[in-house]
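Since the structure comes first, as structure tokens, the remarks are kept for the end.
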Amino acid sequence: MAMENLKYRFDGGKPISGETAIVGVLGSGNLEVLVEPARLDGACEIEVSTAARGFGTIWQAVMKDFFARHHAGDIRISVNDAGATPAIVSLRLDQAIETFKGNHK
Amino acid sequence: MIYPAEKIWDHDRQRRNRKLERAASAMGGTLRDKVVSSEMAVQLLESVIEPGDRVCLEGNNQKQADFLAQALTRVDPAKVNKLHMLQSVLALPEHLDLYESGIAEQVDFSFSGPQGGRLARMVGKGQIRIGAIHTYLELFSRYFIDLTPHVALVAAQSADAQGNLYTGPNTEDTPAIIEATAFKNGIVIAQVNEMVDKVPRVDIPGDWVNFVIPSPRPHYIEPLFTRDPAQISEIQVLMAMMAIKGIYAGYGVQRLNHGIGFDTAAIELLLPTYAESLGLKGKICSHWALNPHPAMIPAIEAGFVKSIHSFGSELGMENYIAARPDVFFTGPDGTMRSNRAFSQAAGHYACDMFIGSTLQIDMEGNSSTATLDRISGFGGASNMGADAAGRRHASPGWLKAGEQRRIHNPGIPRGRKLVVQMVETFREHMHPAFVPRLDAWKLAEFANMPIPPVMIYGDDVTHILTEEGIANLLLCANAEEREQAIRGVAGYTEMGLGRDLRMVENLRDRGVIQRAEDLGIDKRDATRDLLAARSVKDLVRASGGLYQPPVRFRNW
Amino acid sequence: MDWRKVATQLFPSVYDVKQEGDLLYGQGRCGKHTVAVIGTTNHAEVGAELALAMAAAVLEVTNKYPRRPILFLVDTSGQRLRHRDEMLGLNGYMAHLAKCVEMARRRGHTIISLVYEQALSGGFLANGMMADRCAALPEAEIRVMGLPAMARVTRISEERLAELSKTSPVFAPGANNYLQMGGLDELWEGDLSACLSKALEHADAIDHRRVRGLERGGRKLADVVVNRVLGSA
Amino acid sequence: MTSSYYESTARARIAGLLDANSFHEWLPAAERVTSPHLATLEQPAAFDDGVVVGKGSIAGKKIFIAAQEGGFMGGAVGEVHGAKIVGMLERAVRDQPAAVLLLLETGGVRLQEANAGLIAVSEVMRAILSARAAGVPVIVAIGGQYGCFGGMGIAARCATAIIISEEGRLGLSGPEVIETARGVEEYDSRDRALVWRTVGGKHRYLLGECDTIVPDSMEAFRNAIIASIENGDDWSLQALEREQQLLGDRLQRFGDCRDSRDIWRKLGWPDPDAIAMMDNDEFVAAAQKRCAKQTIKAP
């Protein structure tokens with residue numbers, strides 16, 4: 001089971017401030033998301049390491065929608081994935097941003 | 001000229017009598033009234049089954065006449081062969097062993113469940129001939145028309161020496177099978193868990209039964225309808241919230257059936273919490289055609305449910321059911337009586353809604369659980385997940401669905417059943433639920449079927465619910481809108497990514513597609529804390545200790 | 001190797017070790033030291049009774065012979081895999097043994113262990129691996145799980161595991177791998193009595209295994225990580 | 001956030017048990033101290049290698065804590081994972097917090113790094129005992145989905161006190177391992193009622209293998225932890241001699257029992273089958289006179 005690494009960068013986001021946050025667990029069908037502050041001129045960088053190969057197009061679309069939802073810039077997001085569905089990925093990304101901003105419910 | 005009196009009108013009865021005489025002499029002194037010892041089961045079958053007979057072997061996805069199934073595999077293929085088997089469900093390995101030895105050659109059935117893979121391989125090798133894959137009601141119906149069994153092998157809880165049967169909570173298919181067999185010159189053999197002096201209640205009168213065999217061990221029952229609440233995900237909670245707010249409340253659904261699965265279990269567990277908080281108690285979900293799902297306990301205890309009629313029972317629910325006769329159908333002995341044929345009919349004609357899951361949906365909304373290497377059949381969804389076009393009586397939900405349909409399909413006022421397919425856009429291991437073409441097509445080709453095995457036809461489906469939202473197909477003006485509505489809730493699947501963004505937004509503006517936020521649902525509220533029970537133990541507690549789950553569902 | 005043969009080589013002058021079932025208990029003379037001997041034989045499956053008997057032996061030595069060094073002779077095929085032992089709390093018996101060994105150490109007993117035959121996972125943790133210095137004969141077998149079983153559980157092919165085990169000591173069975181990882185202090189060859197004497201001289205109560213693992217290159221991270229935790233804000 | 005300990009992640013447990021905002025993590029996820037061995041095997045490696053370590057306070061008392069994440073590889077112990085726990089324990093010897101908390105959820109050694117894992121578990125055992133010998137009580141909590149098995153089941157019993165919930169399981173060999181080795185007749189791992197009455201919280205409590213049994217809630221675990229810290233520790237030869245006696249008595253009294261129900265009957269439970277469904281308070285009250293003497297607690 002070889003891993004696949006994917007990288008995305010979205011420019012033009014609104015810099016958000018917060019504290020490094022990690023949500024989720026790297027277990028089957030799940031993922032962990034780490035959000036860190038980073039000086040990226042308003043960009044959002046995302047790096048995904050996934051055990052499920054061949055879903056690059058889907059990740060691209062999920063991440064694009066995520067960025068469109070939050071427009072969050074100056075953050076670096078690192079994802080360890082163990083075959084989560086897009087629904088779970090989106091949910092965790094949203095939770096991670098909320099936690100980063102300090103208002104996770 | 002031949003006088004009418006000379007024509008023979010009782011060939012079949014004579015044949016049955018010859019079989020019974022053969023059996024009597026084969027059993028010799030071992031026969032006590034109608035009771036045959038289990039050691040003599042194979043000889044009995046060899047004496048009453050003739051080559052080419054239609055043999056109905058009882059077994060659904062719950063109760064199985066497993067001892068008789070094994071006995072049938074042990075008959076001498078030189079004496080008993082080329083049988084035409086009739087079965088609700090092909091579930092046990094023995095069911096397929098029959099074809100390898102030549103004892104049987106053809107089958108008409110409804111569902112194949114765990115044997116679906118092997119069945120597909122055997123069909124591929126030409127070892128087995130499938131007449132047709134039916135819905136349950138269809139198959140039972142044909143027992144009374146052109147597929148009447150010559151011999152029925154059934155399972156009961158207990159019997160007395162006269163052959164009166166007590167089938168108890170898991171009565172299931174037995175009455176339908178025996179009715180067709182006993183009154184058309186067939187022979188009925190029942191395996192029973194125990195012999196008693198007097199059965200607790202007579203579910204099948206003794207004079208419809210020819211032989212009873214005390215089985216060396218109780219018949220197998222699969223606890224198929226038990227879902228451990230611990231395994232319900234937050235995504236399923238979100239979908240359940242959308243179902244309740246967007247569909248149950250919207251149509252005031254009072255009479256319904258739920259498919260098996262965690263999606264619908266989540267809905268059941270949200271009734272006393274989320275639905276209650278929306279003020280829906282008494283307004284939705286009062287009458288059910290449903291197996292006694294343990295996940296229903298909190299809703300029943302909360303007073304949501306007025307009645308439940310069941311296809312079969314569920315292991316561990318016996319005491320709970322017996323203690324809730326206002327809700328369940330129970331006999332004078334206090335235990336439940338189920339009946340699959342009646343409950344299927346009830347689900348088809350008397351329910352306003354069916355909601356269930358599937359494996360694949362195409363762009364017309366057709367859905368199927370058949371995959372390339374598995375012939376799985378249909379289970380109960382096909383009859384309940386079809387509009388009852390013959391229905392006449394009105395109810396608010398049925399009328400509203402009919403009105404919505406008439407917006408683009410004008411015609412004389414009539415209602416419409418709500419048929420809801422509830423799926424996550426991806427199943428586990430990233431298998432997409434939305435596909436351009438159902439695997440059923442390839443399966444039909446491979447197995448030489450006249451039509452692809454579709455579980456629920458697209459024109460019967462009214463709503464598709466995913467974590468992305470609800471698509472109301474009743475409101476679609478044409479096939480193109482319908483396709484875009486489906487794509488609009490297909491998320492990141494290839495079908496979803498291929499949607500026409502502008503059209504989908506337009507459909508959303510018109511309420512054809514409703515996302516969680518359109519329904520006023522905050523996704524962050526979708527946590528497992530909303531579940532009325534988060535574990536099987538919670539269910540036991542909710543039942544006041546009456547529910548006794550099978551050991552495999554315990555974690556305490 | 002038969003335990004008697006091992007004992008004869010360890011204690012050439014005199015030893016008095018009795019075998020009772022799978023349990024070995026007694027003492028031997030090694031140079032200037034009288035050494036208490038506690039051990040197992042017959043590839044013992046360590047169940048509740050055996051663990052408790054070993055603990056009793058440790059407590060007896062602690063009470064009767066203050067500061068006398070203890071040598072564990074290790075030959076175990078692992079913890080006993082029985083429903084009954086689990087029901088009775090086998091882990092608790094093992095832990096009790098481990099605690100008794102630790103107590104002995106803290107009361108001045110030097111603890112040495114020698115794997116002379118087999119040491120498999122759970123049977124090894126509560127005695128041999130609790131020692132100040134842990135040694136093995138070169139032919140001894142030490143492992144958690146064989147590669148075929150590991151391949152099944154991890155779903156990594158056996159071929160791949162075998163390939164990787166050529167360069168990595170981290171998962172494959174073998175005394176040498178444990179040596180590299182720091183789990184063993186040394187392999188004893190030749191004059192076993194001399195080896196034991198030397199070990200008794202050099203033993204101390206500090207757990208050096210992660211440092212050895214780093215020095216020997218088999219376990220490069222453990223020590224680094226411990227030190228990072230110690231040095232964190 | 002759920003109030004269930006069983007359903008919570010390691011991080012949620014820490015947040016739920018400790019005083020609000022008191023937790024400070026060592027080697028947090030952002031430092032990416034991951035397992036190189038999993039990377040070699042091309043398997044996913046968690047940022048924290050499946051264990052969270054750090055310091056915080058509970059009821060105002062300074063404590064050090066380690067929490068294993070069962071969701072990542074069943075909480076299995078690898079080189080880094082084990083070393084984080086060892087580092088925390090050694091730091092406790094140096095810094096003398098009021099207690100160390102170990103929230104254990106683990107199947108034991110991580111097979112992908114089996115040798116490193118086994119040695120790490122051994123190092124954890126020794127480090128637990130070092131902390132205790134240095135006067136720092138070590139409190140273990142068990143109540144997660146994966147139980148506490150393998151070498152860590154031994155390590156748990158090296159601690160000062162164990163708090164368990166009914167859902168918690170504590171043992172050495174898991175039922176699947178025994179079933180594989182000896183057959184389903186020996187131990188049917190799918191008979192979950194059997195599994196729970198063999199290694200589950202209630203049986204462990206009745207046998208004296210745990211100090212405290214609590215309902216599955218964060219609050220109950222927190223209160224029990226606070227009480228356990230108050231109780232202090234008894235690391236002494238006398239305590240071990242008492243334990244020797246009690247464990248011997250247990251073998252004599254129950255050694256020939258075939259099922260936990262036989263043990264419970266001997267302990268004076270008239271209806272052992274009723275135990276499973278008792279809620280925690282009822283069970284603890286009834287168990288007052290019907291449990292074996294605790295091997296862990298000082299008299």
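Quick caveat: nothing in here was measured; it's all calculated off a predicted structure. So that the names make sense, note that chain A is the first sequence line, chain B the second, and so on, each numbered from 1.
- Side-chain atoms of C/Arg228 never come within 3.5 Å of backbone atoms of D/Gly87 as a donor-acceptor pair (strictly under, hydrogens ignored).
- A donor-acceptor contact under 3.5 angstrom links the side chains of C/Asn63 and D/Glu241, judged on distance only.
- D/Leu118 places a side-chain heavy atom less than 4.5 Å from the side chain of C/Met129.
- Residues C/Leu90 and D/Ile154 form no side-chain contact, since every pair of their non-hydrogen atoms from C-beta on lies 4.5 Å or further apart.
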Trace of the side chain to side chain donor-acceptor pair (under 3.5 Å) decision for D/Ser122 with C/Arg209: CA-CA 10 Å; D/Ser122 177; C/Arg209 289 176 286 185; 2.6 Å; yes
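- A donor-acceptor contact shorter than 3.5 Å is absent between the side chain of C/Lys99 and the backbone of D/Ala159.
- Between the side chain of D/Glu79 and the backbone N or O of C/Leu221 there is at least one donor-acceptor pair closer than 3.5 Å.
- Between C/Arg105 and D/Leu129 the shortest side-chain heavy-atom distance does not fall below 4.5 Å.
- With a 4.5 Å cut-off on side-chain heavy atoms, D/Phe149 and C/Asn91 do not count as touching.
- Within the 4.5 angstrom heavy-atom criterion, no atom of D/Ile128 approaches chain C.
- Listed for the D/Arg126 side chain is a donor-acceptor partner under 3.5 Å among the backbone atoms of C/Ala131.
- The main-chain N or O of C/Val170 is never found under 3.5 Å from a side-chain atom of D/His37 such that the two would form a donor-acceptor pair.
- Within the 4.5 angstrom heavy-atom criterion, no atom of D/Arg197 approaches chain C.
- C/Tyr178 is listed as a side-chain neighbour of D/Ile119, based on a closest heavy-atom distance under 4.5 Å.
- By the 4.5 Å heavy-atom criterion applied to side chains, C/Arg210 and D/Glu123 are counted as neighbours.
- Taking both residues in full, the closest heavy atoms of D/Ala83 and C/Val226 are given as O-CG2, 3.5 Å, listed atom of the first, atom of the second, then distance.
- A donor-acceptor pair under 3.5 Å is formed between the side chain of D/Arg91 and the backbone N or O of C/Val229.
- Only the side chain of D/Leu207 has a heavy atom closer than 4.5 Å to any heavy atom of chain C.
- Between D/Glu113 and C/Ser168 there is no side-chain heavy-atom pair separated by less than 4.5 Å.
- If you measure heavy-atom distances from D/Ser35 to chain C, you find no contacts under 4.5 Å at all.
- The contact between D/Leu194 and chain C is made entirely by side chain atoms (from C-beta outward), counting heavy-atom distances below 4.5 Å.
- The part of C/Ile156 that comes within reach of chain D is its side chain, from C-beta onward, which places non-hydrogen atoms under 4.5 angstrom from that chain.
- Using modelled atom types, one side-chain atom of D/Glu186 and one backbone atom of C/His83 make a donor-acceptor pair closer than 3.5 Å.
- Contact annotation for C/Leu230: both backbone and side-chain heavy atoms come within less than 4.5 Å of a heavy atom of chain D.
- Side-chain atoms of C/Arg84 never come within 3.5 Å of backbone atoms of D/Arg258 as a donor-acceptor pair (strictly under, hydrogens ignored).
- With chain C as partner, the option from D/Leu89, D/Leu237, D/Val199, D/Ile263 having the largest number of non-hydrogen pairs under 4.5 angstrom is D/Leu237.
- Between C/Phe171 and D/Leu111, every side-chain heavy-atom pair lies at or beyond the 4.5 Å cut-off.
- Under a 3.5 Å cut-off, the side chain of C/Glu102 and the backbone N or O of D/Ser130 do not form any donor-acceptor pair.
- A donor-acceptor contact shorter than 3.5 Å is absent between the side chain of C/Glu86 and the backbone of D/Thr198.
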